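Note sheet for the following structure.
In what follows, chains carry the letters A, B, and so on, assigned in the order in which the sequence lines appear, proteins first and then strands, with residues in each chain numbered from 1. Given the structure is predicted, the values throughout are model-derived calculations rather than measurements.
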Amino acid sequence: GQQVMQIPQYQHVQEGEDFTTYCNSSTTLSNIQWYKQRPGGHPVFLIQLVKSGEVKKQKRLTFQFGEAKKNSSLHITATQTTDVGTYFCAGPLDRGSTLGRLYFGRGTQLTVWP
Amino acid sequence: DAEITQSPRHKITETGRQVTLACHQTWNHNNMFWYRQDLGHGLRLIHYSYGVHDTNKGEVSDGYSVSRSNTEDLPLTLESAASSQTSVYFCASSRSQGAYTGELFFGEGSRLTVL
């Protein structure tokens with residue numbers, strides 16, 4: 001079945017360094033979502049990408065959706081301690097699904113050293 | 001404000017006991033989901049529902065059941081708890097957005113320990 005693979009599993013950075021996590025799917029995705037989970041918390045929606053080659057920015061966060069709609073990335077510029085957490089990508093489990101059944105990548109756990 | 005709540009937040013039980021985790025949302029979302037989260041596995045879908053009286057199995061449904069008698073609630077039942085079901089359980093809801101998957105709103109989670 002369709003799977004969403006995410007790398008790296010862990011990333012440790014010094015505050016101020018950049019961070020990137022990558023998400024790859026075995027099949028074309030109609031859309032992809034990104035979530036952040038703080039330690040001890042619950043996943044919180046960050047963004048949804050829909051169009052091929054789409055790039056969206058939220059302050060220091062840049063999200064990209066690949067041209068083939070099989071990969072995506074999240075890049076954080078100049079990390080801060082508030083960026084600590086696990087970042088998940090998620091794509092529809094069914095091809096062309098419109099009803100929210102998402103398959104989550106295993107996440108990238110980001111640690112930021114002050 | 002609309003919200004999604006889970007209860008209990010923490011529970012310890014014994015092997016073989018029946019356990020029910022409650023999930024209640026006030027967004028009037030049709031779609032509701034149960035995920036479990038374990039170290040190294042991310043979030044795995046247990047069961048989901050697209051509306052009242054609709055339930056479907058996810059990727060790790062063995063040993064779990066759900067029922068949807070109204071829009072607001074999707075309780076998750078472990079018929080006979082096993083140690084392998086020790087986990088953090090998240091309930092989520094979403095609305096469909098035309099052709100695209102709606103964002104998921106997660107509850108705060110229920111930590112279950114089976115001894």
Completion exercise
Turns out that what part of A:Gln6 lies under 4.5 Å from chain B's heavy atoms comes down to neither
Handout entry: Side-chain (B:Tyr35) to main-chain (A:Phe104) donor-acceptor, under 3.5 angstrom
Key = no
Exercise for the section: Following the transitive rule for hydrophobic clusters with a side-chain heavy-atom cut-off under 4.5 Å over Ile, Leu, Val, Met, Phe, Trp and Tyr, establish whether B:Leu45 and B:Phe106 coincide in one cluster. Expected result: yes
Problem - Distance, nearest 0.5 Å, that separates OH of A:Tyr103 from CZ of B:Arg44 - result: 9.0 Å
Problem - Common cluster, B:Tyr50/B:Trp34, ILVMFWY with side-chain heavy-atom separation under 4.5 Å - result: no
Practice task
Select one option (side chain, backbone, both, neither) describing which atoms of A:Gln9 are under 4.5 Å from chain B's heavy atoms.
Solution key: side chain
Practice task
Verify the neighbour count for atom OH of A:Tyr22: are there more than 12 heavy atoms of other residues, nucleotides or ligands below 6.0 Å?
Solution key: no
Handout entry: Crowding at CZ, A:Arg60 (>12 non-hydrogen neighbours, <6.0 Å)
Key = yes
Exercise for the section: Give, as side chain, backbone, both or neither, the part of B:Leu43 having an atom under 4.5 angstrom from any heavy atom of chain A. Expected result: both
Fill in the blank from the handout: Distance col, row B:Ser94:OG vs A:Gln33:CD, nearest 0.5 angstrom, shows 8.0 Å
Exercise for the section: Please say whether more than 12 non-hydrogen atoms of neighbouring residues, nucleotides or ligands are located less than 6.0 Å from CD in B:Glu14. Expected result: no
Problem - Connected via hydrophobic side-chain network under 4.5 Å: B:Met32 and B:Val66 - result: yes
Completion exercise
Output for pair (A:Arg106 CZ, B:Asp38 CG), nearest 0.5 Å, gives 10.5 Å
Fill in the blank from the handout: dist A:Thr86:OG1 -> B:Gln37:CD (nearest 0.5 Å) comes out at 7.5 Å
Practice task
May I have the step-by-step check of side chain to side chain contact (heavy atoms under 4.5 Å, CB included) for B:Leu104 and A:Tyr35, ending in yes or no?
Solution key: CA-CA 9 Å; B:Leu104 296 184; A:Tyr35 291 79; 3.3 Å; yes
Handout entry: Neighbour count above 12 (heavy atom, 6.0 Å) for B:Leu39 CG
Key = no
Completion exercise
Minimal heavy-atom distance between B:Phe90 and A:Pro43, with the atoms involved, is CE2-CD, 4.0 Å
Exercise for the section: Enter the distance from B:Asn31:CG to A:Arg101:CZ here, rounded to the nearest 0.5 Å. Expected result: 12.0 Å
Handout entry: In one Ile/Leu/Val/Met/Phe/Trp/Tyr side-chain cluster, 4.5 Å: B:Val19, B:Val88
Key = no
